[in-house]
> 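My questions will all concern the structure given below.
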Protein chains: 2
Amino acid sequence: MKLSDGVEAAIHCAAVLAQLNGEATLPGSALAELHGLSPSYLLKHLQALTAAKILESIPGPNGGYRLAKAPERISLLDIVLAVEGHQPAFRCGEIRQRGPGALEAEAYVKPCGIKVAMLKAERAWRAVLAETKLSQIVSGYEADADPRAVAFNCAFIARHQRPQGETSLKKSK
Amino acid sequence: MKLSDGVEAAIHCAAVLAQLNGEATLPGSALAELHGLSPSYLLKHLQALTAAKILESIPGPNGGYRLAKAPERISLLDIVLAVEGHQPAFRCGEIRQRGPGALEAEAYVKPCGIKVAMLKAERAWRAVLAETKLSQIVSGYEADADPRAVAFNCAFIARHQRPQGETSLKKSK
DNA sequence: ATATCCAGGATAGAGAATATCCACGATAGG
DNA sequence: CCTATCGTGGATATTCTCTATCCTGGATAT
């Protein structure tokens, strides 16, 4: 069992976008550069997050990505499901209905006990992810990470973010 | 994210072996036939369970598999880890150490907050699996499954199990 | 000795995840 | 109106794991 690598990248990106000012956006290429990831591949995951209404995308020059809602309302589960899909990790193949001794399909009204137990464990996993919000990740980062890393991140965001709404400040460089 | 199919087969097999009498064993080929699975492939998973000390194997004619300990002392987590390996589902790629603002490795003493959150969720998943014992799966099966299926299973086991310890009863067929 | 069974390595094949590329539509700015 | 920038989405190649099978060798009861 393995979560796809895209999950990690997606959470990191969402955490960065949570630090933008107001309606500002950040282009996908900047997110890729900041994390040292391939732009072409990262865009796929950003699109998945956009389709899941976690991010918003603004096309055109001065466009980019931003969060679609407050970081307190985005959970890690939202992000994981957007990237990984909604299928449970345990897929019951109904082995009990195979082999000699198999009965008609109608005989299997009660769900397989093994499936029930596995899905119960998965619900516990999802519950923890659901109560962990993006805002907690961000404040944890700002509190625990090396101040130099935080400062660099902050400056990088300030340098690349695009203010939205009106034609306003000129980018200094 | 997806659990390998072997997990489902392994749990079913363990549940069947839990229904054996005393020290009796059941050959891997019988387990494969009972579940309608390929013997060659199922053996791989049975070997993994044996290596994890969940099953015991007896070589030679009259040999086979049996549980290595009481079903109350075998959890679903034991089986899942034996088949899937002990690596967590979320592997932190230390994305935070990549990209332009990366610092020296010594600057990252505190673990990544994202990793911590993901592993916490995984611990919750494992905790539920750890407290679900094979004995519960078996009694749940005997209580909920179609009586005909239970009877067939029981008869199949009686027909194929191999009593151990002494040269005793002759198999009727 | 022989037949039965498990152990474990070698080896394909299938399918998913990873990684790129390109044509297209949208939009801000000149 | 033209152009440069940016996201969308499809097509494609590559890599890797899981799935599945086979075969040799070792152990053991008859």
Side-chain angles (χ1 to χ4, degrees), chain A residues 1-10 13 17 25-33 36-51 55-66 68 83-85 87 89 91 93 160-171, chain B residues 1-10 13 17 24-33 36-52 55-66 68 83-85 87 89 91 93 160-171:
Chain A
M1 180 182 54
K2 181 175 170 299
L3 255 66
S4 90
D5 293 345
V7 170
E8 186 182 3
C13 287
L17 292 177
T25 66
L26 203 60
S29 56
L31 284 169
E33 183 194 342
L37 300 171
S38 136
S40 338
Y41 188 48
L42 183 59
L43 284 184
K44 284 281 181 275
H45 298 306
L46 294 177
Q47 281 174 31
L49 294 176
T50 306
L55 302 186
E56 274 177 358
S57 67
I58 310 292
N62 224 29
Y65 292 94
R66 69 180 167 214
V83 174
E84 285 278 329
Q87 279 201 313
R91 272 92 133 171
H160 289 89
Q161 73 177 350
R162 316 287 182 76
Q164 296 296 318
E166 71 289 336
T167 306
S168 48
L169 3 157
K170 195 129 199 135
K171 294 198 301 299
Chain B
M1 181 181 54
K2 182 176 170 297
L3 255 67
S4 91
D5 292 345
V7 170
E8 186 182 3
C13 288
L17 293 177
T25 66
L26 204 60
S29 57
L31 283 168
E33 183 193 344
L37 300 172
S38 137
S40 342
Y41 187 48
L42 183 60
L43 284 184
K44 284 282 179 273
H45 297 307
L46 295 176
Q47 282 173 33
L49 295 176
T50 306
L55 302 187
E56 275 176 357
S57 66
I58 311 291
N62 224 28
Y65 292 95
R66 69 180 167 214
V83 174
E84 286 276 331
Q87 279 202 315
R91 272 93 134 171
H160 289 90
Q161 73 177 349
R162 313 288 182 75
Q164 295 296 317
E166 71 291 336
T167 306
S168 49
L169 2 158
K170 195 125 201 142
K171 294 199 301 297

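Since this is a predicted model, take the numbers as computed values, not measurements. What you see below is based on every heavy atom in this structure, not just the backbone, and it leaves out hydrogens, waters and symmetry mates. In what follows, chains are A, B, ... by sequence order, proteins preceding strands, each numbered from 1.
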> What is the distance, rounded to the nearest whole Å, between atom CG of Leu42(A) and atom C1' of dG7(D)?
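Whole-Å distance recorded here is 13 Å.
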> Round to a whole Å and report the spacing from CD of Gln87(B) to C1' of dC16(D).
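Checked: the CD to C1' distance equals 14 Å.
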> Drop me the distance from Leu46(A)'s CG to Tyr65(A)'s OH, to the nearest 0.5 angstrom.
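OH of Tyr65(A) is found 5.0 Å from CG of Leu46(A).
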> Can you check the Gln161(A) CD to dT5(D) P distance for me, whole Å?
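After rounding, the reported distance stands at 20 Å.
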> What's the spacing between Arg162(A) CZ and Arg66(A) CZ if we round to 0.5 Å?
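Output value for this atom pair is 13.0 Å.
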> Quick one: pull up SG in Cys13(B) and NE2 in His45(B) and give me the separation to the nearest 0.5 Å.
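Separation between the atoms: 9.5 Å.
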> Using whole Å, report how far CD of Glu56(A) lies from P of dT8(D).
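The distance from CD of Glu56(A) to P of dT8(D) comes to 11 Å, rounded to the nearest Å.
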> Rounded to whole angstroms, how far apart are CG on Leu31(A) and P on dC6(D)?
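Atom CG in Leu31(A) sits about 12 Å away from atom P in dC6(D).
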> Nearest 0.5 angstrom please: Glu56(B) CD to Leu49(B) CG, how far?
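One finds 13.0 Å between CD of Glu56(B) and CG of Leu49(B).
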> Give a yes/no on whether any side-chain N or O of Tyr41(B) is located under 4.0 angstrom from OP1 or OP2 of dT19(D).
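Checking Tyr41(B) against dT19(D): at least one side-chain N or O falls below 4.0 Å of OP1 or OP2.
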> About how many Å separate CG of Leu42(A) and CD of Gln47(A), when rounded to the nearest 0.5 Å?
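Taking CD in Gln47(A) and CG in Leu42(A), the distance rounds to 10.0 Å.
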> Locate the shortest heavy-atom distance separating Ala32(A) from Ser38(A); write the atom from each residue and the value.
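Distance-wise, the nearest heavy atoms are CB-C, 4.3 Å.
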> Could you tell me the separation between the CZ atom of Arg91(A) and the P atom of dG15(C), rounded to a whole number of Å?
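It is 14 Å, rounded to the nearest whole Å.
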> Set out, line by line, the N/O atom pairs under 3.5 Å between protein and nucleotides 4-7 of chain C.
unit_1	atom_1	unit_2	atom_2	d
dT4(C)	O2	Pro61(B)	N	3.1
dC5(C)	OP1	Arg162(B)	NH1	3.4
dC5(C)	OP1	Arg162(B)	NH2	2.2
dC5(C)	O4'	Gly60(B)	O	3.4
dC6(C)	OP1	Gly28(B)	N	2.8
dC6(C)	O3'	Ser57(B)	OG	3.0
dA7(C)	OP1	Ser57(B)	OG	2.7
dA7(C)	OP2	Tyr65(B)	OH	2.7

> By the 4.0 Å heavy-atom rule, please label Ser4(A) as base, sugar-phosphate, or nothing.
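Sugar-phosphate contact only.
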> Under 3.5 Å for both donor-acceptor distances, Watson-Crick or wobble: does dC23(D) have a partner, and if so which one?
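dG8(C) - that is the nucleotide pairing with dC23(D), both distances being under 3.5 Å.
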> Give the rounded distance in Å between these two atoms: NE2 of His45(B) and C1' of dT19(D).
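Those two atoms, NE2 and C1', are 8 Å apart.
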> If you round to the nearest 0.5 Å, how far is CG of Leu31(A) from CG of Leu37(A)?
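Those atoms lie 9.5 Å apart.
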> Could you tell me whether the phosphate oxygens of dT21(D), OP1 or OP2, come under 4.0 Å of any side-chain nitrogen or oxygen in Ser38(B)?
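For Ser38(B), the contact criterion (side-chain N or O under 4.0 Å from OP1 or OP2 of dT21(D)) is met.
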> Could you tell me whether the side chain of Lys44(A) has a donor or acceptor atom within less than 3.5 Å of a complementary atom in the base of dG10(D)?
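It does, because a donor-acceptor pair links the side chain of Lys44(A) to the base of dG10(D) below 3.5 Å.
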> Rounded to the Å, how far apart are Asp5(A) CG and dT15(D) P?
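Distance, rounded to whole Å: 16 Å.
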